[in-house]
Amino acid sequence: MSLVVKEIKELIRDPKILIGVILMPIIIFPVMGSAINISTTSVQRAMITASFAIYNEDEGATTDALLGYLYTNNTVITIEANGIQDALTKYQETNASTLLWIKEGYSENVSQGLRGELKVYANLKSLSIAEAGSTDAIGSLLNYYGYFLSIANINSLLEQAGALGEANVVRSPLSVDYQSIIKGNVIDVAPSQIVSVIMSQSVMLPIMVMVMLMFAIQMAATSIAIEKEQKTLETLMTLPVSRLTILSGKLAGSIVVAVAGAIAYMIGFGYYMTSAFSFAPELTTMSTQDLSIGLEPLGTLLLGVNIFVTLVSGLALAISLATFTDNVRSAQSLTGFLTIPIMLPAIILMFSDLSMLPKTIQMVLLVIPYTHSIIASKAAFLGNYALVLRSIGYISVFTLVVLYIAARIFSTERIITARFTTFDIKKLLGRRSTRKR
Amino acid sequence: MQGAIEVSDLTKTFGDIVAIDGASFTVKNREIYGLIGPNGAGKTTTLRILSTLLKPSSGTARIFGNDVVKDPEEVREIISYLPEEAGAYQNLSGYEYLGFMAGFYAENKKSANEMLKEAEVISGLGERLDDRVKGYSKGMKRRLLLARALMMKPKLLILDEPTSSLDVVHAFHVRQMIKEYADKKGVTVLLSSHNMLEVEYLCHSVALINEGKVIAEGSPDELTKKFSAENLEQVFMEVAKLG
């Protein structure tokens, strides 16, 4: 126990680890979220406050009705000009983001049942998303106006024909209600919406697993390398305590800090999601629970077990690798290679399902234990517990093998000398001369 | 009578490199015994084998009757090893470090507290023990580590270059403590050094090691007389030439 406490103290008091693992996720995600929020709100504000200019060449009641609609509640600049070229020059001198040109004959066309011709010019100055949003403002106003104009037209036509019916129905004669069936239950939600929720879930999970593993690996590698770098390992190995206890102490300490890091990450990421997407409440209000694909107690338990064995396997692997180095920097660059087998399945499975991939890639991915961590996380959400258990089984076997190797390394003198690599190289080179010292 | 340490025909090779070449020596109970020799003579490797960190390629080494290969756990119970470049956990305070170490030896809280009190005296660091090790000077760190090694009163204390790179004041303090513990508390001490004058002052017996072999053994007095030398330094130079 004292080994675990010491390990945690050492790790948490290391400013690099405290900042990198615990403070960064808590700070960086909310900051990112706020930044996205600020920019998206400014887009919305730009849309709401967008001003536009109107150059009108037409006269008539229909045109007046359109102008009346546009002038109400909007900032409109009226352009007086001789011809469109002149109007464009004058428009560019204003701050208006768009210019609406009502062509001559608009009224006449509309009243005769023809299409009224309008033209919109957008002056793109900064090419930003906010600018695109503000140019959209006039478009939505016109669409809205066009809808009511069509309803009015249909109503008057229906009246003239003496026919029964509603203008809305004439305009859109079909009513389609989309429903989804999940695990045998019919749910009153469109499949496209469910897919988007599952998508966000399946993107989230691999990222979560990946980030947590990277934390754990960095931490365990650092904790061994620090012992070597600060020359404390030798002393530790001569204490009246078994090597396995030392190894377990290291693992447990790293797990505690890694879990703390994962929680910090989740808090930070949760805040990021709510602050970044607060403008789109429909994305966040629909949870997987509502769709009955949420986690049941057994699923939560299995997900926990899955994450735990994944962590232990990563830690054991990191410790085994770090024993071959003698300082923190080389330990971190050596364990950096582990990023590849961790990132690869996470990125691939973020965008696709294993079954969709070519056979050879499937085989490669299935050999990597971290693929199974992600598969198990997804399966836990969908209630496919057999698959979760199979994945946990695979990772556990892998973990046991790695732990066995780590324990072996810890119980030999290699942990002190880590010399056999150079020795092997020398052997390969065939240098047989006996040097004494 | 059984010796505290009995090393017989000890050999250790790393690949093609022979670090110890059939070394044999015996250390009596309650004695301060010095291994002296130049850098790379095999002193550290010998101490590491006796501390159960390395396994010998051949030969045997026993500590109070316990074989270092067959009974490493028993050996670790009775020894305390201080490596030459040992460090302490930077992010722990001196007290926390000593408390952590005492936890491995103390049977209960009371005996752990006694060890800590002992360590306070040995280190002589006073209130600085509340500070993180990170801020300690080299000398302070060495005193803390010596306190760690001595506080549990081991049967055998193994010290690798106990005063190397320390200034006069710290080196003096460390030597005083080693002598006091050996004389008054009955701790057997095995130390290595290339500082012959230090060894002459501290040790009851010494073994001169060169190229992994013990080339002479005896008390400093006996050796200087035998080789008609003024001090151990001259003895070593004489013997090394012969070897």
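Proteins come first, then strands; the chains are lettered A, B, ... in the order of their sequence lines, and each starts at number 1.
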Chemist: Does any heavy atom of chain A fall under 4.5 Å from the side chain of B/E96, the backbone, both, or neither of them?
Modeler: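 When you check distances to chain A, only side chain atoms of B/E96 fall under 4.5 Å.
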
Chemist: Taking atom NZ of B/K138 as the centre, report whether more than 12 heavy atoms of other residues, nucleotides or ligands fall under 6.0 Å from it.
Modeler: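 Open.
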
Chemist: Taking CZ in B/F104 as the centre, count heavy atoms belonging to other residues, nucleotides or ligands within less than 6.0 Å. Is the count above 12?
Modeler: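 Result for CZ/B/F104: enclosed.
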
Chemist: Check each atom of B/A88 against the heavy atoms of chain A and say whether the ones under 4.5 Å are side chain, backbone, both or neither.
Modeler: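 For B/A88, the contact with chain A is made by the backbone alone.
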
Chemist: Heavy-atom distance under 4.5 Å to chain B: side chain of A/E227, backbone, both or neither?
Modeler: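 Just the side chain, heavy atoms under 4.5 Å.
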
Chemist: Scan A/M237, A/E413, A/E234 and name whichever one has a side-chain contact (heavy atoms from CB on, under 4.5 Å) with B/R48.
Modeler: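 Only one option passes, and that is A/E234.
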
Chemist: Is there side-chain contact between A/T238 and B/L53, with heavy atoms separated by less than 4.5 Å?
Modeler: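 Yes, at least one pair of side-chain atoms sits under 4.5 Å.
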
Chemist: Of the non-hydrogen atoms in A/T235 and B/P83, which two are nearest, and what is the gap between them?
Modeler: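 Distance-wise, the nearest heavy atoms are OG1-CD, 3.7 Å.
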
Chemist: Tell me whether the NZ or CZ atom of A/K9 lies within the 45° cone about the ring axis of B/Y89 and under 6.0 Å from its centre.
Modeler: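 No cation-pi geometry.
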
Chemist: Under 4.5 Å heavy-atom distance to chain B, tell me which part of A/L236 shows up: side chain, backbone, both or neither.
Modeler: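 Contact with chain B: side chain only.
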
Chemist: Any heavy-atom pair between the side chains of B/R76 and A/L239 that's under 4.5 Å?
Modeler: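 In short, these two side chains do not touch, never coming nearer than 4.5 Å.
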
Chemist: Output, in order, the C-alpha distance, side-chain angles, deciding distance and verdict of side chain to side chain contact (heavy atoms under 4.5 Å, CB included) for B/F100 and A/V5.
Modeler: CA-CA 9 Å; B/F100 165 65; A/V5 174; over 6 Å; no

Chemist: Would you say NZ of B/K134 has more than 12 non-hydrogen atoms from neighbouring residues, nucleotides or ligands within 6.0 angstrom?
Modeler: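 Atom NZ in B/K134 is packed in, count exceeds 12.
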
Chemist: Mind ranking B/E74, B/E73, B/Q90, B/R148 by heavy-atom pairs under 4.5 Å with chain A and telling me who comes out on top?
Modeler: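 Looking at each of B/E74, B/E73, B/Q90, B/R148 in turn, B/Q90 comes out on top.
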
Chemist: Select one option (side chain, backbone, both, neither) describing which atoms of B/K12 are under 4.5 Å from chain A's heavy atoms.
Modeler: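 It is the side chain, since no backbone atom gets that close.
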
